[in-house]
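Notes for the one structure printed next.
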Amino acid sequence: MQLQAFLITFREVLEALLIVGIITTYLKRTDNKKFVKFVWLGAGMAVAASYLVALLFQVVFTGFSAMGTEMYLKISIIFISSLLLTQMVFWMAEHSKNIKSNVEGKISKYISTGSIIGMIIHSFLVVMREGIETVFFFAAITGGNIGAALTGWGAISGLLAASVVSYLFFKGTMRISLKAFFRTTGAFIVLIAAGLMVQGVSMMQDLKILGSVVPHLYDITWFLPEHPIDYAHYLRDHGVAPLLSGDIGIFLKAFLGYSSMPSIEEVLVYLGYFAVIYMLIFLKKPARKIEKVEKPKQSQKQPWKQTVASANE
């Protein structure tokens, strides 16, 4: 859980800090330093609001637990979080290249109109979005114990690491490609999303919501049990200890959704998830190539479009 919390916190906090940093840097560069405090005001308000959302989530989980239906809420949040994580990765991979120009364009409009409220709201929404996503993901990886994730070493170290990287980046002492960075961290996030989806299927089968054609497709408990309890039971029943510790298994289960005795449905969902991810990436590439070929033809036939586009820039 802690490694998941670290990656999620690091990714979400860094994304928020980078956008806020782009805004404040642009304001200083254009001699509008007086607006910086309003940007940080909006960001601070978003952090406080995110904390309130976390408390609300905890109250909701407690209420569902009292009614004995918290498992259904957990399953729903697990699947929604998996989809949100996947969408987040693809969105950032698509927009990371132009994120600086897009943010500066919006702030430029607020400066020209003197809209302080607009700057506050914009920075609030940017940070608030990341905060709500973090709370939602924490609810998924902890089974509703959001407080444990917020106070664990994973979230705290993720926050500190993101702050340091962001500081070094804007001070110019660290040169990184945002596109490459978000692709690398995105690969780990996709693994977490796949693991969450498999855990959701497993929980549905435990509750008999979903049946199974083959409950145990294979059994490799002898090699790597998924929990220390399974390790102890295997040693008791067979008189021989598994090759690897159950602590490794519980780590892989939390991070990747590992199971030593998966059902065929769990395996199909896991492989199917990566097949869909591959197709989404593969199908996007030809579209980009076609777009590059068609652009010169459009600019030759309709030169006025190019003039309008350059004017807008």
Side-chain angles (χ1 to χ4, degrees), residues 1-5 7-8 54 56-89 132-150 152 154 188-221 224-234 246-277:
M1 181 196 77
Q2 296 301 336
L3 181 58
Q4 290 173 302
L7 287 171
I8 290 171
L56 179 62
F57 255 78
Q58 199 68 67
V59 170
V60 170
F61 265 107
T62 304
F64 272 81
S65 179
M67 295 185 292
T69 55
E70 75 276 11
M71 290 301 295
Y72 299 99
L73 180 61
K74 289 178 183 179
I75 292 171
S76 300
I77 288 180
I78 280 175
F79 282 118
I80 294 172
S81 296
S82 179
L83 295 175
L84 283 176
L85 282 169
T86 307
Q87 184 272 339
M88 178 185 74
V89 170
I132 292 178
E133 286 180 352
T134 302
V135 171
F136 210 86
F137 300 148
F138 280 0
I141 65 176
T142 62
N145 192 1
I146 302 172
L150 288 173
F188 289 104
I189 296 295
V190 164
L191 290 175
I192 293 175
L196 285 174
M197 192 162 287
V198 172
Q199 288 183 43
V201 172
S202 178
M203 292 172 67
M204 290 178 68
Q205 290 180 329
D206 290 339
L207 293 174
K208 308 300 181 184
I209 299 174
L210 182 66
S212 178
V213 178
V214 183
H216 302 302
L217 185 61
Y218 55 81
D219 184 355
I220 55 173
T221 306
L224 177 59
E226 63 184 71
H227 197 277
I229 294 176
D230 297 321
Y231 182 95
H233 287 173
Y234 188 89
D247 293 324
I248 300 175
I250 198 171
F251 166 77
L252 293 177
K253 184 176 181 64
F255 185 48
L256 304 175
Y258 168 76
S259 175
S260 59
M261 294 187 293
S263 66
I264 190 171
E265 291 79 15
E266 291 178 68
V267 174
L268 289 176
V269 167
Y270 196 76
L271 296 178
Y273 174 84
F274 287 110
V276 171
I277 295 296

Taking the side chain as C-beta and beyond, is there a heavy-atom pair between [X] and [Y] under 4.5 Å?
X: I75; Y: M204; answer: yes
X: L85; Y: E133; answer: no
X: L252; Y: L224; answer: yes
X: L7; Y: F137; answer: no

Full working for side-chain contact (heavy atoms from CB on, under 4.5 Å) between M261 and Y218: CA-CA 6 Å; M261 294 187 293; Y218 55 81; over 6 Å; no
Chi angles and distances behind the side-chain contact (heavy atoms from CB on, under 4.5 Å) call for Y258, I220: CA-CA 11 Å; Y258 168 76; I220 55 173; 3.4 Å; yes
Flag, side chain of E226 to backbone of S259, donor-acceptor distance under 3.5 Å: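 No, because the side chain of E226 does not come within donor-acceptor range (under 3.5 Å) of the backbone of S259.
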Flag, side chain of S202 to backbone of V198, donor-acceptor distance under 3.5 Å: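 Answer holds: no.
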Contact summary for A54 and V135, nearest pair of heavy atoms: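 Result for this residue pair: CA-CG1, 3.7 Å.
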Where Y270 and G195 come nearest, the two heavy atoms and their spacing: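 Looking at all heavy atoms of both residues, the shortest contact is CE1-N, 4.2 Å.
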Pair Y273-S82, side-chain donor/acceptor within less than 3.5 Å: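 No.
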Residues, nucleotides or ligands: over 12 heavy atoms within 6.0 Å of F188 CZ: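 For F188, atom CZ is not crowded (no more than 12 foreign heavy atoms under 6.0 Å).
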Heavy-atom neighbours of I229 CD1 exceed 12 at 6.0 Å: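 Open: at most 12 neighbouring heavy atoms sit under 6.0 Å from CD1 of I229.
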Interatomic distance, I250 atom CD1 to Y231 atom OH [nearest 0.5 angstrom]: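 It is 15.0 Å, given to the nearest 0.5 Å.
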Contacts of E266 that satisfy side-chain hydrogen bond (donor to acceptor under 3.5 Å, both in side chains) - sequence neighbours left out: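 Result, side-chain hydrogen bond (donor to acceptor under 3.5 Å, both in side chains) vs E266: S263.
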Extract all donor-acceptor atom pairs below 3.5 Å that involve side chains of residues 207-214 and protein atoms in other chains or at least two apart in sequence.
unit_1 : atom_1 : unit_2 : atom_2 : d
S212   : OG     : V214   : N      : 3.4
S212   : OG     : V214   : O      : 3.1
S212   : OG     : E265   : OE1    : 2.8

